[in-house]
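We use all heavy atoms of the structure for the numbers below, so side chains are in, but hydrogens, waters and symmetry mates are not. Since the structure is predicted, the reported quantities are computational estimates derived from the model, not experimental observations.
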Amino acid sequence: QVELAQFGGGLAQAGGSLRLTCAASGTIHKIDFMAWHRQAPGKQRELVANITREHVPHYTDSVKGRFTISRDDNIHRTYLQMTGLKPEDTAAYYCVMFISTGPDRWFDYWGQGTQVTVSS
């Protein structure tokens, strides 16, 4: 039984900052990648950032230089630090982790989503 819980969404003004947290709990053996996706109304879901098990981050071009993804393997968490927020960052944000609950038992697990709204 693995579940991901998200925290830290909310309202921000343009140019402001927010930090999103995603915490995994349950029967966890190993975690490979951790990632953040977002989906705005009427738009396709996009991958915002991901971080490998070696702690190497990757970002979509629109957030490079503004967002930072990190992970804490000791407590099974990933964070998305967002600075210089823009109205176009407004979306529902979802975390996902590729987790094994035992040898050769790997699945994607998704958080419940959290809304980020940036006002101009």
Side-chain angles (χ1 to χ4, degrees):
Q1 185 82 347
V2 175
E3 292 190 351
L4 271 57
Q6 298 181 213
F7 308 90
L11 305 176
Q13 294 185 339
S17 299
L18 286 172
R19 186 177 71 167
L20 305 183
T21 298
C22 178
S25 62
T27 304
I28 298 172
H29 179 53
K30 295 180 179 180
I31 303 178
D32 188 22
F33 71 83
M34 301 181 182
W36 291 91
H37 296 248
R38 68 185 181 187
Q39 187 166 26
K43 296 188 179 296
Q44 198 168 31
R45 189 192 70 215
E46 67 171 338
L47 175 64
V48 177
N50 72 278
I51 184 166
T52 69
R53 67 168 62 191
E54 295 80 26
H55 290 236
V56 178
H58 302 88
Y59 304 95
T60 191
D61 286 343
S62 64
V63 308
K64 286 182 178 177
R66 300 189 297 119
F67 291 10
T68 302
I69 187 172
S70 60
R71 63 188 286 166
D72 187 334
D73 295 312
N74 293 322
I75 56 175
H76 308 313
R77 290 193 176 196
T78 182
Y79 308 91
L80 187 67
Q81 179 67 52
M82 304 182 292
T83 62
L85 284 165
K86 303 176 180 180
E88 50 262 46
D89 295 318
T90 296
Y93 284 71
Y94 299 86
C95 62
V96 60
M97 302 185 189
F98 193 50
I99 297 173
S100 70
T101 57
D104 298 319
R105 293 186 62 195
W106 290 87
F107 299 94
D108 285 338
Y109 293 88
W110 289 82
Q112 81 279 12
T114 186
Q115 180 67 33
V116 170
T117 301
V118 183
S119 62
S120 60

Original post:
When clusters are formed by joining ILVMFWY residues with side-chain heavy atoms under 4.5 Å apart, either directly or through shared neighbours, do I28 and F98 land in the same one?
Top reply: no
Original post:
How many angstroms lie between atom CE of M82 and atom CH2 of W36, to the nearest 0.5 angstrom?
Top reply: 8.0 Å
Original post:
Do S17 and Q81 touch side chain to side chain, with heavy atoms closer than 4.5 Å?
Top reply: yes
Original post:
Charged N to carboxylate O under 4.0 angstrom, D32 versus K30?
Top reply: no
Subject >> G9 to V116 - nearest heavy-atom pair and separation >> reply: CA-CG2, 4.4 Å
Original post:
For the residue pair A24 and L4, what are the closest heavy atoms and their distance?
Top reply: CB-CD1, 3.7 Å
Subject >> Common cluster, V96/V2, ILVMFWY with side-chain heavy-atom separation under 4.5 Å >> reply: no
Give the table of side-chain donor-acceptor pairs shorter than 3.5 Å for residues 104-113, with sequence neighbours excluded, one pair per line with atom names and distance.
residue: Q112; atom: OE1; partner: Q6; partner atom: N; Å: 3.1
residue: Q112; atom: NE2; partner: Q6; partner atom: O; Å: 3.2

Original post:
What are the two closest heavy atoms between R45 and Q39, and how far apart are they?
Top reply: N-NE2, 3.7 Å
Original post:
What distance separates L85 CG from L11 CG, expressed to the nearest 0.5 Å?
Top reply: 11.5 Å
**OP:** State, yes or no, whether a side-chain contact exists between Y79 and T68 at a heavy-atom distance under 4.5 Å.
**Re:** no
Subject >> Residue pair H55 / D73, side-chain heavy-atom distance below 4.5 Å >> reply: yes
**OP:** Please name all residues satisfying ring-ring contact (aromatic ring centres under 6.0 Å, His included) with F7, sequence neighbours left out, ordered by chain then number.
**Re:** none
Original post:
What closest approach, in Å, do I69 and P57 show between heavy atoms, and which atom pair accounts for it?
Top reply: CG2-CB, 3.7 Å
Original post:
Between R53 and I31, which heavy-atom pair has the shortest distance, and what is it?
Top reply: CB-O, 4.1 Å
**OP:** Find the distance between OG (S119) and CD (Q13) and round it off to the nearest 0.5 Å.
**Re:** 5.0 Å
Original post:
Pick from M34, H76, R77: which one makes a side chain to side chain contact (heavy atoms under 4.5 Å, CB included) with M97?
Top reply: M34
**OP:** Indicate the atoms forming the closest heavy-atom contact of S120 with A14, along with that distance.
**Re:** CA-CB, 4.3 Å
Subject >> side-chain hydrogen bond (donor to acceptor under 3.5 Å, both in side chains) pairs, two or more places apart, involving residues 82-101 >> reply: R38-D89, R38-Y93, R66-D89
